[in-house]
Amino acid sequence: MTERQLIYLYTDGASSGNPGPGGYGAILRCGNYEKELSGGFACTTNNRMELLAVIKGLEAVKWEHARIIVTSDSSYVVNAINQGWLEGWIRRGWKKVKNPDLWQRLLPLLRRHEVSFQWIRGHNGHPENERCDALAVAAGQGAVSKGVTLPPDEGYINEQQTD
């Protein structure tokens with residue numbers, strides 16, 4: 001059996017206001033194959049979009065046990081994985097953890113694949129990070145231009161996607 005090629009996943013999230021309209025962007029690359037993903041929400045936070053970008057990218061991988069390198073400018077996401085915060089949150093039963101719904105959605109994806117995370121400085125000329133940022137910002141602006149709003153009592157937990 002031959003070893004599968006390495007998959008590169010570049011991600012970014014953005015929000016205008018925190019909470020406010022926002023979006024995520026992701027680029028999957030494997031050999032000559034490349035796919036861009038994005039989505040916008042009427043009311044969300046930057047950290048939720050950073051995390052959702054990773055989730056959406058990993059969900060798009062159809063292979064089992066793929067080798068994936070995630071590159072993100074989100075210290076929140078990268079440190080949660082690389083510094084073991086996620087394991088601590090699980091042990092403590094998700095007490096005082098922001099975005100537990102998304103972290104719990106990420107867990108099976110991390111178990112399904114061999115995933116490593118690397119942090120890069122955002123807005124520093126990294127071509128894929130700049131492209132992901134542009135996708136995220138455009139998706140967030142699309143949420144505003146489409147007039148998608150949430151009732152005031154729902155908050156950002158019940159985002160409405162506009163992609």
Side-chain angles (χ1 to χ4, degrees), residues 1-16 21-42 44-87 89-90 98-146 148 156 159-163:
M1 181 176 187
T2 60
E3 194 170 311
R4 293 201 186 261
Q5 285 185 299
L6 189 59
I7 298 172
Y8 296 91
L9 172 57
Y10 304 93
T11 66
D12 199 16
S15 68
S16 179
Y24 67 86
I27 300 171
L28 277 166
R29 186 175 294 149
C30 182
N32 293 330
Y33 175 80
E34 184 171 292
K35 181 176 185 173
E36 292 184 346
L37 308 165
S38 64
F41 297 85
T44 190
T45 66
N46 185 65
N47 280 343
R48 286 186 67 79
M49 293 299 93
E50 295 282 3
L51 187 50
L52 191 58
V54 174
I55 291 167
K56 289 291 196 173
L58 293 176
E59 286 176 344
V61 175
K62 301 306 178 198
W63 299 343
E64 294 295 324
H65 311 294
R67 295 181 313 127
I68 305 168
I69 297 175
V70 176
T71 302
S72 173
D73 65 3
S74 172
S75 296
Y76 171 66
V77 172
V78 173
N79 289 342
I81 304 299
N82 290 347
Q83 294 187 18
W85 299 352
L86 184 55
E87 288 89 6
W89 296 337
I90 295 166
K98 292 185 179 183
N99 308 309
D101 58 323
L102 293 180
W103 288 111
Q104 290 170 12
R105 185 171 163 187
L106 178 63
L107 279 172
L109 299 167
L110 296 176
R111 293 179 182 132
R112 179 179 168 208
H113 301 297
E114 179 187 327
V115 186
S116 61
F117 286 76
Q118 65 180 23
W119 179 82
I120 57 166
R121 184 173 309 282
H123 307 288
N124 204 32
H126 186 283
E128 291 83 3
N129 179 255
E130 297 294 341
R131 178 64 185 150
C132 287
D133 180 65
L135 290 168
V137 169
Q141 290 171 344
V144 173
S145 68
K146 291 178 183 177
V148 177
Y156 65 86
E159 298 146 334
Q160 292 180 0
Q161 189 166 359
T162 62
D163 66 347

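Please read these numbers as outputs of a predicted model, since none were measured by experiment. In what follows, every heavy atom counts, from backbone to side chain, and hydrogens, waters and symmetry copies are set aside.
- Ala26 and Leu135 make their closest contact through O-CD1, 4.1 Å (heavy atoms, listed as atom of the first residue, atom of the second, distance).
- Between Ile55 atom CD1 and Met49 atom CE the span is 9.0 Å, to the nearest 0.5 Å.
- Counting non-hydrogen atoms of neighbouring residues, nucleotides and ligands closer than 6.0 angstrom, the CD atom of Glu87 exceeds 12 such neighbours.
- When each of Trp85, Trp119, Trp103, Phe117 is paired with Tyr76, the ring-ring contact (aromatic ring centres under 6.0 Å, His included) condition holds for Trp103 and for no other.
- Distance CD/Glu114 to NE2/His65: 11.0 Å, rounded to 0.5 Å.
- A pairwise comparison of heavy atoms in Leu37 and Ala60 identifies CD1-CB, 3.9 Å as the closest pair.
- Taking every heavy atom of both residues into account, Trp63 and Cys30 meet most closely at CH2-SG, 3.7 Å.
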TODO: Step by step, work out the side chain to side chain contact (heavy atoms under 4.5 Å, CB included) result for Ile81 and Leu110.
DONE: CA-CA 10 Å; Ile81 304 299; Leu110 296 176; 3.7 Å; yes
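- The shortest non-hydrogen separation linking Asn129 to His123 is OD1-N, 3.6 Å.
- The side-chain heavy atoms of Asp133 and Val137, taken from C-beta on, include a pair separated by under 4.5 Å.
- Between the Arg131 side chain and the His126 main chain, no donor and acceptor come within less than 3.5 Å of each other.
- By the 4.5 Å heavy-atom criterion applied to side chains, Leu9 and Val61 are not counted as neighbours.
- One finds the CG atom of Asp12 at 4.0 Å from the CG atom of Asp73 (value rounded to the nearest 0.5 Å).
- For Glu130 (side chain) and Gly125 (main-chain N/O), a donor-acceptor pair under 3.5 Å exists by modelled atom type.
- Annotation for Tyr24 and Ala53: closest pair CB-CB, 3.8 Å, computed over non-hydrogen atoms.
- Rounded to the nearest 0.5 Å, atoms CD (Gln83) and CG (Leu86) are 12.5 Å apart.
- No donor-acceptor distance shorter than 3.5 angstrom exists from the side chain of Ser38 to the backbone of Gly25, with no hydrogens or angles considered.
- Of the candidates Thr11, Leu28, Val115, Val115 is the only one forming a side-chain contact (heavy atoms from CB on, under 4.5 Å) with Leu58.
- Note: Ser15 OG to Arg48 CZ = 11.5 Å, rounded to the nearest 0.5 Å.
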Task: Step-by-step side chain to side chain contact (heavy atoms under 4.5 Å, CB included) determination, Val54 to Glu50 - done: CA-CA 7 Å; Val54 174; Glu50 295 282 3; over 6 Å; no
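- Here the CG-CG distance, from Asn99 to Leu51, works out to 6.5 Å after rounding to the nearest 0.5 Å.
- In this structure, Arg105 and Leu52 approach most closely via the heavy-atom pair NH1-CD1, 3.8 Å.
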